[in-house]
*Asks:* 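Questions regarding the structure given below will be posed in turn.
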Amino acid sequence: MIRKILIIALCITVGYANPAFAATKKTTVPSFEKLFYYVPGEGSFVTLDQYVKNIDVFAPQVYKVSSTGNLIGKISDKALGAVAKNTKTKIMPLVFQEGFSPDTMHTILSSVDVQDKIIAALIAEAQAKGYWGWQFDFENMFSTDRNAYSLFIEKTATEFHKNNLKLSVAVIARTSEKPEDLPEGSWDYWAGVFDYKRIGKAADFVTLMAYDEPGSKGPVASLPWVKKVLMYLEKSVPKSKISLGISTYGWQWDTDTKKRVKSIGYDKITELEVNKKYTKKGYDKTAQMAWMTYSEGEGSAKKNYKTWYEDVRSFKTKYALAKSHGLRGVSVWVIGIEDEKIWSNL
């Protein structure tokens, strides 16, 4: 998954945020809220700086917590300077467990003292920097920690609300409460820990990570699957509390081995188009996703690929889906690798 691929970049310590600037942020919620995730990098910064006027919630993934409850991370002054160009943009950093380790998370969820330390640190950091709130992006957890995670969310939400802070929670997409209905291991180590009803009741809103479609042989997130996971979540969480996650990356497949090779950004598609290196391209009307075939290398080293990717067409379709369902808004992962034409749709 691209979230794991980006871990190294996420853990880089960056500069110090300016509390004087952050305190000027508005707290009103727009009629359709557009949250954009940010991972430090030059491409991400250029996009942020250029399109911040279209961003309602700036959600950088730069903070993590250790098994002992230490909060680690900062938002750079450079990024905050870009956000300052739009005084209506609220700041809601993500927080994840160090290394996305299930053992680290289990340790945290097994200790009330560690949890209290984390909550206190999050409140103090938000108050010092003027953040709107935090999004829990804890992933890769044991399903046996389901109740403990819900309790942690409920306790955090209570303390946040006492301090005028918002809490959102990113949840893994699924369509069943039965472990046997999910791919092998998915329930036990990935999706089963999320109690949609309890999380939806406690949190101010929930981001449905409607990408990385299980069992897909092509798209990151086909439209039929996105509809299916969204409608399932709507059974447990009010639509007014749901933000639909939309990806901006694609998947490259080896057409000879039928195996997924890696995740790619739209810059790869642009490169292939500009240099006319692709063999075919199209748009699957059922999946509502674009694709392109091409080859790289020569002779015995030649590799044949088919890449399924998100472009402005697929983005508009999912954006429209969120609006037609009366959702709170969208959460877009991640800026800096997107089809730039999506911004005109906002």
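Heads up: numbering here begins at 1 and tracks the sequence.
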*Asks:* Tell me if the NZ atom of Lys155 is crowded by more than 12 foreign heavy atoms within 6.0 Å.
*Replies:* yes
*Asks:* Is the NZ or CZ atom of Lys78 both under 6.0 Å from the centre of the six-membered ring of Phe45 and within 45° of that ring's axis?
*Replies:*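 Pair Lys78/Phe45 counts as cation-pi.
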*Asks:* Where does the angle between the aromatic ring planes of Trp291 and Trp308 fall among parallel (under 30°), tilted (30 to 60°) and perpendicular (over 60°)?
*Replies:* tilted
*Asks:* For atom CD of Glu180, is the number of surrounding heavy atoms from other residues, nucleotides or ligands below 6.0 Å larger than 12?
*Replies:* yes
*Asks:* Indicate whether any N or O donor in one side chain lies under 3.5 Å from an N or O acceptor in the other, for Ser243 and Glu33.
*Replies:* no
*Asks:* Donor-acceptor pair, Thr47 side chain versus Gly43 backbone, under 3.5 Å?
*Replies:*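 Answer holds: yes.
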*Asks:* When you compare the side chains of Thr68 and Asn70, does any donor N or O come within less than 3.5 Å of an acceptor on the partner?
*Replies:* yes
*Asks:* Quick one: do the Tyr211 and Glu310 side chains pair a donor with an acceptor below 3.5 Å?
*Replies:* no
*Asks:* Quick check: does any side chain N or O of Lys241 sit under 3.5 Å from a backbone N or O of Gly200, one acting as donor and the other as acceptor?
*Replies:* yes
*Asks:* Check for a donor-acceptor pair, side chain of Ser295 on one end and backbone N or O of Asn304 on the other, with a separation under 3.5 Å.
*Replies:*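 No, Ser295 side chain to Asn304 backbone: no donor-acceptor pair under 3.5 Å.
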*Asks:* For the OH atom on Tyr189, are there more than 12 heavy atoms of other groups (residues, nucleotides or ligands in this structure) within a distance under 6.0 Å?
*Replies:*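 No.
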*Asks:* Is a donor on one side and an acceptor on the other found under 3.5 Å between the side chain of His325 and the backbone of Leu321?
*Replies:*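 Side chain of His325 to backbone of Leu321: no pair is present.
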*Asks:* Okay, side chain of Lys85, backbone of Asp49: is any donor-acceptor separation there less than 3.5 Å?
*Replies:* yes
*Asks:* Do Asp212 and Tyr249 pass the side chain to side chain donor-acceptor pair (under 3.5 Å) test, and can you show the C-alpha distance, the side-chain angles, and the key distance before you say yes or no?
*Replies:* CA-CA 10 Å; Asp212 292 335; Tyr249 59 94; 2.7 Å; yes
*Asks:* Hey, are Glu98 and Lys64 close enough for a salt bridge, meaning a charged N less than 4.0 Å from a carboxylate O?
*Replies:* yes
*Asks:* Ring-plane angle category for Phe142 and His106, please: parallel below 30°, perpendicular beyond 60°, tilted otherwise.
*Replies:*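 Phe142 vs His106 ring planes: perpendicular.
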*Asks:* If you draw a 6.0 Å radius around NZ in Lys53, do more than 12 non-hydrogen atoms from other residues or ligands fall strictly inside?
*Replies:*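 Enclosed.
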*Asks:* Are any of the side-chain heavy atoms of Thr248 and Ile335 separated by less than 4.5 Å?
*Replies:*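 No, every pair of side-chain atoms sits at 4.5 Å or beyond.
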*Asks:* Taking Leu35's backbone N and O only, do any of them form a donor-acceptor pair with Ser331's side chain (distance below 3.5 Å, no angle check)?
*Replies:* no
*Asks:* Is the side chain of Glu139 donor-acceptor paired with the backbone N or O of Trp190 at a distance under 3.5 Å, no angle test?
*Replies:* no
*Asks:* When the ring planes of Trp333 and Tyr37 are compared, do they come out parallel, tilted or perpendicular, using 30° and 60° as the limits?
*Replies:* tilted
*Asks:* Is the charged tip of Lys235 near the ring of Tyr196: under 6.0 Å from the six-membered ring centre and within 45° of its axis?
*Replies:* no
*Asks:* For the pair Trp251 and Trp253, name the ring-plane relationship: parallel under 30°, tilted 30 to 60°, perpendicular over 60°.
*Replies:* perpendicular
*Asks:* Compute whether any side-chain donor of one residue and acceptor of the other, for Tyr278 and Thr307, lie under 3.5 angstrom apart.
*Replies:* no
*Asks:* Indicate whether the side chain of Asp204 and that of Ser168 have a donor and an acceptor atom separated by less than 3.5 Å.
*Replies:* no
*Asks:* Would you say Gln97's side chain and Ser67's backbone share a donor-acceptor pair under 3.5 angstrom?
*Replies:*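 Between the backbone of Ser67 and the side chain of Gln97 there is no qualifying donor-acceptor contact (under 3.5 Å).
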*Asks:* Mind running salt bridge (Lys or Arg N to Asp or Glu O under 4.0 Å) on Glu338 and Lys341 for me, showing each step along the way?
*Replies:* CA-CA 8 Å; Glu338 73 285 346; Lys341 292 186 288 295; over 6 Å; no
*Asks:* Is a donor on one side and an acceptor on the other found under 3.5 Å between the side chain of Arg198 and the backbone of Ser150?
*Replies:* no
*Asks:* So, Thr317 side chain and Arg313 main chain: donor-acceptor pair closer than 3.5 Å or not?
*Replies:*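 Answer holds: yes.
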*Asks:* Using 30° and 60° as the class limits, which term best fits the ring planes of Trp343 and Tyr51: parallel, tilted or perpendicular?
*Replies:*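 Ring orientation of Trp343 relative to Tyr51: parallel.
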